[in-house]
Every structure is written in C-alpha cells, then in structure tokens.
Amino acid sequence: MLIFEHSRPGRRNYSQSPKAAEAMDIPEKLLRKTLPLLPEVSEMDAVRHYTRLSQKNFSIDTHFYPLGSCTMKYNPRACNSLAMLPQFLARHPRSPESTGQGFLACMYELQEILKDVTGMAGVSLTPMAGAQGELIGIAMIRAYHESRGDTARTEIIVPDAAHGTNPATAVMCGYKVVEIATDKEGNVDMAALKAAVGPKTAGLMLTNPSTLGVFEENVAEMSRIVHQAGGLLYYDGANLNAILGKVKPGDMGFDVIHINLHKTFSTPHGGGGPGSAPVGVAPRLLPFMPVPIVAFENGTYRWQTEKEIPQSIGRLSAHMGNAGVLLRAYVYVRLLGAEGMHRVAEFAALNANYLMAELRKAGFEIAYPNRRASHEFIVTLKDLKEKTGITAMNLAKRLLDKGYHAPTTYFPLLVPECLLIEPAETESKETLDAFVTAMKEILEEAHTQPDLVKNAPHTTPVRRLDDVKAAREPDLAWKAPTRNISVTRTETLTAIPSVSVA
Ligand SMILES: *Cc1c(COP(=O)(O)O)cnc(C)c1O
C-alpha cells in the first residue's frame, strides 16, 4: 500500500509542518501558485507505514546476506554517527578552505591511509561509484599513452571472469575489449595472455581476488608481461576484504586501482544508495589524476585544482565526491587501525573457507575445489539440476523462505548454475552453521519435494517477480485519483493560510 492511499483530507502532522511562508520572509513572486500533492497523514501513520515497509525487506541489519562480489557486511553505527556530526552536515561544499580545515584534514588523512593500504603514490577521492572509478582509471591510462604520443594502443585486455563494468568501461573510453580465458583452477590462462599482448595493448584490467573467489597465482608474471608490452595495469579493487593491508596492489606492480568504500569501508549499499570509489595511482599516473585533491603544506590543508595538475583528466563529481561516504570510511579506518584491517582480512578469509568446507561436507559441489577461498567462493548446482531439475535460482528463492538473503546467482557467467557466496568477516560461527543447515535442508527437499523448491518463495510479501518486466517496463508512477484533489487543496489551504494560490 502506498502512503498516498493512507491519505485523508486534512489529516496532518502539525508539529512538523513547514513554517508559514510569511514568517520565513519568502518574496511573493517566489511563492508557489499551486500546492504540492502530498499525502495527508498523521505522524504515527507515516511512522507505521515506513516501518512496515522496511520490515518487508531483507537487510544486513535483519538477515544474513551472503552476496558475493558485492559484500554486504555490517557497518558499525559509530562510523555513521560521527560522519553525521552536525558540524559536518552544516558545512557548505563551497565554503572557504579556511573554515573547513577539520573536514579537509579528515579527507587528507583518508587519502594518506588509502595510499598506504593500496601501496599507491597518490589517491583521489572524487569518483562516486566503482564503475566511475574504473572510467577514471582507464581514462588516466589513455591520457598517459596519449601524452607520450603512443596512439597505436587501442586494446584493453579483460579476463572473462571480470565484472561487467570492466569491459563496459574499456568501451566507454574508446577501447576494443580483448577477452582472455580462465584456466580450470580459476587463474587467468597465461598462454592466452601472452597471445593477447602486443603493440596495441593499452592495458589489462584485473580483479584480484577474482570474482571466482581465488587469488591470481601468477599476478607478478602477468604484471611483467603486460608492462613489457608497454601496457599499464588496472586493479579492480571493488572488494578489498580479503587482502586489506595484507598485500598491496602497488607491490604487485599495478598502475591504478579503484576501491569501493561502499563495500569494504563501512557504507551500506544496495538499492542504488550513495557510493564512493577512490582511485589510487602509481607515480607515472600522478599528473593525470582527477581533481580536486587535498594537499597539506605549512600546517594548512587546501584543494589542488587543474591549475596545479594541468594534465588532470578533469572533474567527475560535483565539488569533491560523496562527503558522507568518505567520512564514514575515514572513521572506519581510524577505528580499525592497521592491525584491525589485518584482522578484517583474516576473518573474511576464515569465514569464507569455513563455510566452503562445511557446504562441501553437506554435499554441495565447489567450483574450484583445489583452491583456497579468498573472501568468497562458488558453489555450482550443475549436477543437482541434471538430477532434480532444481536450479540455482530455485535454491536462491527457497533460501528466502528460510530467512536468508540469497547469494549472488548466475555470476560470474563462467560457472553454470553458480552461487557466489561471501559471508564477510562480521558474521559469527553460529550464523554460518545455521546457513549450512538451511542449505542442507534445501538439498534434501530438492530430492524429496522438488516442487516445494521450484515454487519458492512461499512466505515473502511477493512471490516470484518477472524481473525482465520489472526492469524493462517499471511501473513506478503514482497517479492521483481525481476524487481527492479538490477537497485536499481547500483543506490544506486553511492549514497553511499564508500560501497564495492562483
Ligand atoms: C561492485 C563491483 C564493481 C562495480 O561497482 P559499482 O559501485 O556498483 O559501480 C566493479 N567490479 C567488481 C569486482 C565489483 O564487485
């Protein structure tokens, strides 16, 4: 039910009504001539409505949410409450440097800490999503080649396990994508890489640990091959949980990396919420970094702009990026410290490997059984589907009935009927054990009552949605039923006497 359907003419929440326009001294010509169409509900109606809506959702605050590649982990409340201090909230993004030294100090320190975590020479905080960080990274690689007059490089090499944003980014930057295969142990096929590099290679985009949940065993060799051919190396560090502070992409020879703060560094995500994906660069890309960047000289923090970085690829976000997300990340890294970051990586890997071992014991097939999991791993239901007709989608939907959000399904595309499972470091052993029990029950149901699994979910507010229709023909607009409107307007007029109506 929509909030508008609770609307009753004249019902209001007076304590939160806007002040009368007169009292706010708004010039007559700026006052709106027609009233906005708003639901008329009491405060309690509004609270109940939105609380009920929130309870229909699966969320990390209510359920285990093992969504591989996209990391749904607990975000400490302290990070949010400090990022929301009124002094931060009240700060205008265009206020002078002299009145924002505290905020600039936080941003500067975050740049420095991320430099240390990634082993890079410079960090820009401006990108507002992983995909935008990638776009900036590849744009810098292009600017680098162009600045040297090296214009014959027209190709970006992307392993077939990559997130879809990688090839999309390369194409957006005007490159041709050369896809290379993965071998049966989940590593990039080195023969395919050697065959793909050459004078046309502008760079390689690598996710490590890859979306197959394994750490590239030949990363040093890959880095050597691509550099020798004159290409640069891009590190998709969307999810750093497995390596946080343990190994540094800079030490692996990478020239540029993006990190999703909304996965690893304490900003909740999903549903298109605000993101932030700082990019780190090796020394040779420093001249091309997006601006602004925070500098610290003679005890003062200030913005560096195009004037000082004339070859900068430019600006990609208003002002300096997503301040709220950056502040949460700053608090998070300060709370953890270097030692805490190591523990995040250790527990992320421990939880993933424990869960992988327990699911294997429970009868599930692991896609890369000879490899250690990083922060995530893949279960394949290929055999189960052949024997029982139960697909990864069926199992995912049945998990909802048992109180678990489904893992990522059908990604990466390489593994048939796959579930990409990432428990994250914030879950307890009891939660992981209970998840294994639920998975085991579904495996039994697949053999004994397959229809129960095929028709799941049975207990959710909506059953199976047509997700193609939902994406292609979304029905999101609410149309006002005409009957209410005239009444609504006169009633509201008396409630806010100072609003003038044509
Ligand atoms: C999430 C993710 C991205 C994209 O990040 P967005 O913020 O969603 O644009 C890129 N690569 C990998 C490996 C990811 O997991």
Side-chain angles (χ1 to χ4, degrees), residues 60 65-73 75 114 118 124-139 156 158-173 177 179 182 186 188 203-216 219 233-244 249 254 256-280 290 316-317 321-322 324-326 328-329 348 352 373-378 407-415 418-424 471:
I60 195 68
Y65 206 132
L67 199 66
S69 194
C70 275
T71 316
M72 299 296 278
K73 68 179 192 182
N75 303 290
L114 293 179
T118 57
S124 167
L125 303 174
T126 63
M128 298 172 85
Q132 206 189 29
E134 289 176 37
L135 185 73
I136 288 164
I138 298 296
I156 294 280
V158 183
D160 55 5
H163 194 276
T165 46
N166 290 193
T169 293
V171 170
M172 292 284 285
C173 284
V177 175
E179 190 179 285
T182 302
V188 164
L204 165 90
M205 295 181 88
L206 186 76
T207 309
N208 193 26
S210 74
T211 61
L212 303 175
V214 298
F215 191 89
E216 280 295 338
V219 69
L233 288 146
Y234 185 94
Y235 198 101
D236 180 337
N239 184 336
L240 279 196
N241 268 357
I243 63 163
L244 204 53
F254 281 75
V256 52
I257 176 178
H258 86 266
I259 315 157
N260 281 15
L261 300 184
H262 50 291
K263 286 178 185 169
T264 308
F265 293 90
S266 192
T267 278
H269 78 289
S276 174
V279 284
L316 287 113
S317 54
N322 243 332
V325 183
L326 294 166
R328 275 197 284 267
S374 55
H375 54 285
E376 58 192 0
F377 61 93
I378 301 179
T408 298
T409 49
Y410 300 98
F411 174 79
L413 304 172
L414 291 185
V415 184
C418 72
L419 300 171
L420 177 58
I421 303 177
E422 177 176 3

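Every number for a ligand or one of its atoms is a count from 1 in the order of the listing. For reference, positions follow the sequence shown, starting with 1.
Of all protein heavy atoms, the one closest to atom 13 (C) of ligand 1 is D236 OD2, 3.5 Å. Nearest protein heavy-atom contact of atom 6 (P) of ligand 1 is G130 N, 3.4 Å. Atom 4 (C) of ligand 1 has as its closest protein heavy atom H163 CE1, 3.9 Å.
Heavy-atom distances between E134 and ligand 1 reach below 4.0 Å in at least one pair. At least one heavy atom of K263 sits less than 4.0 Å from an atom of ligand 1. For N239, the heavy-atom gap to ligand 1 stays at 4.0 angstrom or more.
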I'd like to know whether T267 forms a side chain to side chain donor-acceptor pair (under 3.5 Å) with R328, so could you lay out the CA-CA distance, the side-chain angles of the two residues, the decisive distance to 0.1 Å, and finally the verdict. CA-CA 7 Å; T267 278; R328 275 197 284 267; 2.9 Å; yes
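Residue N260 has at least one N or O atom closer than 3.5 Å to an N or O atom of ligand 1. Here's the thing with A238: none of its N/O atoms is less than 3.5 angstrom from an N/O atom of ligand 1. Taking distance alone, with nitrogen or oxygen atoms compared against 3.5 Å, N166 stays at or beyond that limit from ligand 1. Checking only distances, T207 never comes within under 3.5 Å of ligand 1, N or O to N or O. Below 3.5 Å of separation, one finds no N or O of A129 facing any N or O of ligand 1. Where the criterion is an N or O separation shorter than 3.5 Å, residue side chain and backbone included, T211 fails it with respect to ligand 1.
Here the side chain of N208 pairs a donor or acceptor atom with the backbone of E216 at under 3.5 angstrom. Although no hydrogens or angles enter the test, the distance criterion places no donor-acceptor pair under 3.5 Å between the side chain of Q132 and the main chain of P127.
Classified by interplanar angle (parallel below 30°, tilted 30° to 60°, perpendicular above 60°), the ring pair H163/F411 is perpendicular.
Taking a cut-off of under 4.0 Å to the non-hydrogen atoms of S69, the atoms of ligand 1 that pass are 13 (C), 14 (C), 15 (O). Proximity to H262 (heavy-atom distance under 4.0 Å) selects the following atoms of ligand 1: 7 (O). The ligand atoms of ligand 1 that sit less than 4.0 angstrom from a heavy atom of A131 are 5 (O), 6 (P), 9 (O).
Distance remark: protein heavy atom not present below 4.0 angstrom from atom 8 (O) of ligand 1.
Taken from CG in L135 to SG in C173, the straight-line distance is 4.5 Å, to the nearest 0.5 Å. In this structure, NE2 on H258 lies 12.5 Å from OG1 on T118, to the nearest 0.5 angstrom. Atom CZ of F254 sits about 11.0 Å away from atom CE of M205, to the nearest 0.5 Å.
Partner of T71 under the side-chain hydrogen bond (donor to acceptor under 3.5 Å, both in side chains) criterion, chosen from H262, K263, H375, E422: E422.
Side chains of I378 and P412 form a contact here, defined as non-hydrogen atoms less than 4.5 Å apart. Side-chain contact between L125 and P278: present, with at least one pair of heavy atoms (C-beta onward) separated by less than 4.5 Å.
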